[in-house]
Undergrad: 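A single structure is presented below for examination.
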Amino acid sequence: MRESTKMLLHYITGLLIVVTGLIHLLANNDPNVGKLITGNVYLYLTNMSVFLASLLYHAFNGIRVILIELVPDACWTRLIGWALLLIGIATYAVGIQVLLMSLGLV
Amino acid sequence: MEQSSMDLWKPIKVIRLRVYRYNPKKDYFPEWREYEIEVSRGTTILDALLRIKEEIDPSLSFRYSCGQALCGSCAMMINGRQMLACRTRVLEVAHGRDLVELRPLDNFPVIRDLACDFTSFFEKHRAVKPWIIRKDSDELDNPTGEYKQSIEEYARYYQFTDCLKCGACYSACPTTATDHAYLGPQALSQAYRYMVDSRDDGFDERIPIVDTEHGCWRCHFATSCSDVCPKYVDPAQGIQLLKKLIIRRKFGLKPHRPAEVLPSKIGEVKRR
């Protein structure tokens, strides 16, 4: 994947964090929105999955950028990228499992 | 009584120049050495350095060439800021005090005293292929006419043609300070200059060079490069426009309009 694609995703996920985070915030604090979102468990799950995915991509890509600037070596750059991708996927899997359990779906 | 032109050259103040001295082949540590010289209103840092070399300390090393802010050879840190020695007047930077501090550019290895090693800087400059790349080899071999360009097409890149390659932007860049593989503001803004040139066909050749982990995406837009540029080129803007150019190309969009690069009239940037 080209660096421009990674960074474009970084900007898109930044925007998604704001949108889905706001929905999450309103769903838990505004009774009207709460009724609409938490009333439909799958809508809530979708919003939270997108929020978690965006948050993890944005955060881990940020860490990747910091690390490759501090260790500007081609071999380390690849290693850092793969390591963070694996940690991100694992964290996402755990996050989704917790979410499903809290919603009573598993 | 009217002041004669000769009076302008009379020394009016004694200034202490605190100069960084270091010879990596000989010295373990760098040291600071102070020189006292008399300066007049028009004395530049380069004049002062030449006088020190001729009259006080011939061992002092620094680099210069044209002496009129055209070659960029004499860029150095003057009172902690990247400036051209030939264009900076001693009394202007002294700010009423009697001390001016001179040291070599940051982010460059020191060859000796104020002279830096520009090898890596020029390697990065060359890496972005800073020349017009054409695909019509027949036309290049047997030219039938000029490559014409409209004023709008010229306006897209004209301010970036003023780059002196003095290294001031590279020295001021906080990303270059940590990431030695980062291409740097000078090379990236030059890449942009050629990528938006209507006569150039090298976009696809330059993409694998600038769209990398240590390419244009590592710019944090601190704008310190634009802040110190002695020719008022705006490398930070060039890098942001380069990012925009790459993203637009990704979505199959044409390059942005020249109006986004420049104010309405050419020359306005110069008058800032």
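The sequence lines fix the lettering, A, B, ..., with proteins before strands; numbering per chain opens at 1.
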Undergrad: Give, as side chain, backbone, both or neither, the part of B:His180 having an atom under 4.5 angstrom from any heavy atom of chain A.
TA: both

Undergrad: What part of B:Thr212 lies closer than 4.5 angstrom to a heavy atom of chain A: side chain, backbone, both or neither?
TA: backbone

Undergrad: Measuring from atom OG1 of A:Thr5 to atom CD1 of B:Ile247, what distance do you get when rounded to the nearest 0.5 angstrom?
TA: 7.5 Å

Undergrad: Looking at B:Arg218, B:Glu213, B:His214, which hits side chain to side chain contact (heavy atoms under 4.5 Å, CB included) with A:Pro72?
TA: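 Passing option: B:His214.
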
Undergrad: Go through A:His10, A:Arg64, A:Lys6, A:Met7 and name the one with the most non-hydrogen pairs under 4.5 angstrom from chain B.
TA: A:Met7

Undergrad: Check whether more than 12 heavy atoms from other residues, nucleotides or ligands sit under 6.0 Å from atom OH of B:Tyr64, and answer yes or no.
TA: no

Undergrad: Kindly check if the number of other-residue, nucleotide or ligand heavy atoms within 6.0 Å of CH2 (A:Trp76) is above 12?
TA: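 For A:Trp76, atom CH2 is not crowded (no more than 12 foreign heavy atoms under 6.0 Å).
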
Undergrad: Measure the CZ-CG distance between B:Phe251 and A:Leu8 for me, rounded to the nearest 0.5 Å.
TA: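 One gets 4.5 Å once the value is rounded to the nearest 0.5 Å.
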
Undergrad: Taking all non-hydrogen atoms of both residues, which atom of A:Ser4 and which atom of B:Ile246 are closest, and how far apart?
TA: CB-CG2, 3.7 Å

